[in-house]
*Asks:* 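I have a structure here, written as structure tokens, and I will follow up with some questions on it.
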Amino acid sequence: MALSAALAATPLTAAAAENAAPDRPDTADLTTSYRPCTAGADRPYVNSAPALRAVLHDPDGDGVAAQFELSWQDPSGEPQTRELSTPSKGSGAEFSWHLREQDIPEDTPVQWRVRAWDGTIWGPWSSEESAGHCEFVYDPTVPAPPVISSPDYPEDPEGWTDGVGVPGRFTFDAPTDEAVKYRWSVYGSAAYLVDAPAPGEPVTVTWTPEQSGVYVVEAQSVSRAGSSSERARYTIRVSSGRAPVASWALGDPAGASEAAPAAGTAPATAGMGVTFGAAGPEGTAYGTAAALDGTGDAYLTPRTPVADTSGSFAVAAWARPETGAGDDMTVLSQDGGAIPASFDLGIDDGRWSLAVGDGSADPVRATGGAAAAGKWAHLTAVYDAPARTARLYVDGRLAATVEGATAAPAAGDLQLGRVRTAAGHAGNWHGRLADVRVWDRVVVADEAATLATRKAQRTGYWQLNEAPGGISPEYTGGQPLILSDGAAVTESDLIAGTGLLELTGNGGYAATATPPVDTTAGYTLGVHVRFGDDLPTRDMTLLSLPGDHTNAVEVRYEADTGMWQLVVADADTPTAAHTTTETYASPWGQHVAVVHDDPADRIRLYTDGTLAADLPLPDSATWPATTGLQLGRARTATGWTAPMTAAVDELRTYTGVLSADDLNMISLPWEMPEV
């Protein structure tokens, strides 16, 4: 009997031996309200009763149940324990225990662990094999709101404080030690989260206003458990930015030996390589400029430091390099004390560049935008001391930003047109300079854009109301449009005024003798066109500005698609590549305008004052047209395109970029105030 009993028990014993215990739960598979399983100083704080989750496995693939265990010590030091067992699930399933606030203590470290049961054998606890318990602290306390203060922008219901571009320090100070972070924002901006050095300690942040107006700084205290206080609010009134501490228009009369200050008190003494009275940047208030010849005597200096480089500062100037734009040249700099220069604004390897340094290492350099010989650009350089950031704006657009910049306090003279190096002054400017300004604050993006604004200048306006002898006069007496056979101005009020130009398609066109705009710079072209009741059935050109082999710009009609096409060539060669964009044409009349936005390196097509197409324009596509503006035809490698059949009226050309409002105004088919 004993032997039989032993034999009978053998299969059961073998089966038991084959049933492996469930795996020890992996710490990586345990979370406290989706936070990793951690303990000690890294334990999470939660502001509501957490959900404990675990993924459990069995090596045999058997279903398993979970047993969770909580433990802590009460205030008297007595251990407390809670347990929960769950129904069985498949191996690899997630198990959870959603705790209740009444089941756990506040402000007390709580430990938990979990193990699996396959119906026969318990697996090891998750805390075994030196893995340790998971921990958390339940802290439902809502912290008190912080107190906000600022030495730079006092909360004065009546007073206004300078202002735009001036960094302000704001301190958030919680009255209790629940706060470990502060969440803050200004005027509805995105919120920032900043850590307190220690629980309850204050934090100071820096914010720079970019527009004048009334602002509300908001801040909340945030506890370790993530609870946020009510918002504290601090209202400030910001005035417009401080005026430059110094500026020189450089529009002094020819023969002058120094530049009179437009702001500040120090005239800028000119070296022998400087002459005044050169033409200034078109479309600005600076009709004349200083010309520097690139020699060692090409500089101006007020013989005093101007930029306080120990803090935030900004400088700006209109600059036009002549030959050698690929050479390193300086527009503005300030001599350092123990170092050669604290900043250097100019050209580096053919590109506009701002270098900022403290002499301890190579300067930090912000570089962006190619410098073109014979072409004006507006430069604004900004050093933000609290942020340790240098920014370079070219023609009003942010061209480059670099972090980690540090400018040394520069006790030397401000220099216009040269920079001090270890070997002495160098990098003398060869070109023209105008409107140099220096601020003791940050210049913000909107200000940089305003400084670079150039008003579009009309270079031609042909009303096309008359053409005695086949010549249609320009409104102000400029070069006329010459009409060929097959083109005639007829009396009509169909589009605008008392007449229009009829192109009959039998070889007729109209053209100026020379290009009315420089296609290497910004320009705007606009004209009214009307086909009739139906769109044409053949391709034809509305306008073009040709070179010797192709067109710098062409607007043509494509019959297969019924579209206007804006076409630019990348070179004036018979085999040039062309870039094209298009928009729908209307037979009943449209105003079609082309805008070359040179600072943005884009060319745009507008119909009836609305943006219809927009092309990026590489530098290679801005070559100079050499033939007059053509209405009704364009140049090809084999001759001229087929002439146009349409009515055309109110042709306008401009240097510079017309605004969207201006384009909308001139697109109206009736008389409006002149633009």
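Just so you know, these numbers come straight off a predicted model, no measurement behind them.
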*Asks:* As a quick check of understanding, evaluate side-chain contact (heavy atoms from CB on, under 4.5 Å) for Leu414 and Trp248, giving each step before the final call.
*Replies:* CA-CA 12 Å; Leu414 184 75; Trp248 298 268; 3.7 Å; yes
*Asks:* For Thr401 and Glu403: C-alpha separation, side-chain torsions, deciding distance, then whether side-chain hydrogen bond (donor to acceptor under 3.5 Å, both in side chains) applies.
*Replies:* CA-CA 7 Å; Thr401 301; Glu403 309 292 337; over 6 Å; no
*Asks:* Just wondering, do Val594 and Leu605 contact through their side chains at under 4.5 Å, heavy atoms?
*Replies:*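 SC-SC contact between Leu605 and Val594 confirmed.
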*Asks:* Applying side-chain hydrogen bond (donor to acceptor under 3.5 Å, both in side chains), run through Gln479 and Thr514 and close with a yes or a no.
*Replies:* CA-CA 8 Å; Gln479 63 175 327; Thr514 60; 3.2 Å; yes
*Asks:* With side chains defined as the heavy atoms from C-beta onward, is the minimum distance between Pro363 and Phe343 less than 4.5 Å?
*Replies:*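 No, their side chains stay 4.5 Å or more apart.
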*Asks:* Using the side-chain contact (heavy atoms from CB on, under 4.5 Å) rule, pick out the option among Asp335, Val306, Leu416, Asp413 that qualifies with Thr301.
*Replies:*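 Testing Thr301 for a side-chain contact (heavy atoms from CB on, under 4.5 Å) against Asp335, Val306, Leu416, Asp413 leaves exactly one candidate, Asp413.
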*Asks:* Please work out whether the ring planes of His378 and Trp318 are parallel, tilted or perpendicular, with thresholds of 30° and 60°.
*Replies:*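 Judged by the thresholds at 30° and 60°, the geometry between His378 and Trp318 is perpendicular.
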*Asks:* Do Ile482 and Thr512 make a side-chain contact, defined as non-hydrogen atoms from C-beta onward lying under 4.5 Å apart?
*Replies:*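 With C-beta onward as the side chain, the pair stays apart.
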*Asks:* What distance separates Leu345 CG from Leu332 CG, expressed to the nearest 0.5 Å?
*Replies:* 5.5 Å
*Asks:* Look up atom CG in Asp156 and atom OG1 in Thr161, then write down how far apart they are to the nearest 0.5 Å.
*Replies:* 7.0 Å
*Asks:* Are Arg458 and Tyr654 in a cation-pi setup, meaning NZ or CZ lies under 6.0 angstrom from the ring centre and within 45 degrees of the ring axis?
*Replies:*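 Pair Arg458/Tyr654 does not count as cation-pi.
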*Asks:* Testing Thr524, Thr655, Thr653 for side-chain contact (heavy atoms from CB on, under 4.5 Å) with Gln457, which one passes?
*Replies:* Thr655
*Asks:* How are the rings of Phe313 and Tyr383 set relative to one another: parallel (under 30°), tilted (30 to 60°) or perpendicular (over 60°)?
*Replies:*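 Rings of Phe313 and Tyr383: tilted, as their planes differ by 30° to 60°.
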*Asks:* Suppose we screen for side chain to side chain donor-acceptor pair (under 3.5 Å). Which residues come up paired with Ser212, at least two apart in sequence or across chains?
*Replies:*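 Scan of Ser212 (side chain to side chain donor-acceptor pair (under 3.5 Å), adjacent residues dropped) gives none.
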*Asks:* Is any side-chain N of the basic residue among Arg397 and Asp597 closer than 4.0 Å to the acidic one's carboxylate O?
*Replies:*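 Asp597 and Arg397: salt-bridged.
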*Asks:* Under a 4.0 Å threshold between the charged nitrogen and the carboxylate oxygen, would Asp349 count as salt-bridged to Arg351?
*Replies:*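 No, this pair does not count.
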*Asks:* Apply side-chain hydrogen bond (donor to acceptor under 3.5 Å, both in side chains) to residues Asp297 and Thr295 and explain how you reach the verdict.
*Replies:* CA-CA 5 Å; Asp297 291 324; Thr295 66; 4.9 Å; no
*Asks:* Decide ring-ring contact (aromatic ring centres under 6.0 Å, His included) for Tyr215 and Trp207; before the verdict, give the C-alpha distance in whole Å, the side-chain angles of both, and the deciding distance to 0.1 Å.
*Replies:* CA-CA 11 Å; Tyr215 291 87; Trp207 172 74; 5.1 Å; yes
*Asks:* Nearest 0.5 Å please: distance from the OG1 atom of Thr288 over to the CG atom of Leu250.
*Replies:*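 If we round to the nearest 0.5 Å, Thr288:OG1 and Leu250:CG are 9.0 Å apart.
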*Asks:* CZ/Arg604 to NE2/His596 distance, rounded to the nearest 0.5 angstrom?
*Replies:*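 Atom-to-atom, Arg604:CZ and His596:NE2 are 9.5 Å apart.
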*Asks:* With a 4.5 Å cut-off on side-chain heavy atoms, are Pro151 and Arg169 touching?
*Replies:* yes
*Asks:* For the residue pair Pro473 and Trp462, establish whether any side-chain heavy-atom pair is separated by less than 4.5 Å.
*Replies:* no
*Asks:* For Tyr393, what residues pass the ring pair (Phe, Tyr, Trp, His ring centres under 6.0 Å) criterion, not counting sequence neighbours?
*Replies:* none
*Asks:* Give the minimum heavy-atom separation between Pro167 and Thr206, together with the two atoms involved.
*Replies:* CB-CG2, 3.7 Å
*Asks:* For the pair Glu322 and Arg432, find out whether any cationic side-chain nitrogen is under 4.0 Å from an anionic carboxylate oxygen.
*Replies:* yes
*Asks:* List the steps and the verdict of side-chain contact (heavy atoms from CB on, under 4.5 Å) for Leu615 and Thr579.
*Replies:* CA-CA 8 Å; Leu615 273 177; Thr579 304; 3.7 Å; yes
*Asks:* Do you know the tightest heavy-atom contact between Ala569 and Asn551?
*Replies:*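 Result for this residue pair: CB-O, 3.5 Å.
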*Asks:* Report the residue from Thr622, Asp598, Thr520 that forms a side-chain hydrogen bond (donor to acceptor under 3.5 Å, both in side chains) with Lys375.
*Replies:* Asp598
*Asks:* Could you state the interatomic distance from OG (Ser659) to NZ (Lys455), rounded to the nearest 0.5 Å?
*Replies:* 8.5 Å
*Asks:* Kindly compute the distance separating CG (Leu629) from OH (Tyr523), expressed to the nearest 0.5 Å.
*Replies:*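 Reported to 0.5 Å precision, the distance equals 10.0 Å.
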*Asks:* Using the ring pair (Phe, Tyr, Trp, His ring centres under 6.0 Å) criterion, which residues pair with Phe276? Sequence neighbours excluded.
*Replies:*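 Testing Phe276 for ring pair (Phe, Tyr, Trp, His ring centres under 6.0 Å), a comparison that skips the adjacent residues, returns none.
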*Asks:* Thinking salt bridges, do Arg437 and Glu447 make one under a 4.0 Å N-O criterion?
*Replies:* no
*Asks:* For a side-chain contact (heavy atoms from CB on, under 4.5 Å) check, start with the C-alpha distance between Gln415 and His425, then their side-chain angles and the critical distance, and finish with the verdict.
*Replies:* CA-CA 10 Å; Gln415 302 290 338; His425 286 109; 3.6 Å; yes
*Asks:* Identify the heavy atoms of Asn428 and Gly296 that sit nearest to each other, and give their distance.
*Replies:*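 Answer, listing the atom of Asn428 first, then Gly296: ND2-O, 3.4 Å.
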*Asks:* Evaluate salt bridge (charged side-chain N to carboxylate O under 4.0 Å, His left out) for Arg602 paired with Asp614, printing each intermediate quantity in order.
*Replies:* CA-CA 7 Å; Arg602 306 194 73 84; Asp614 190 353; 2.9 Å; yes
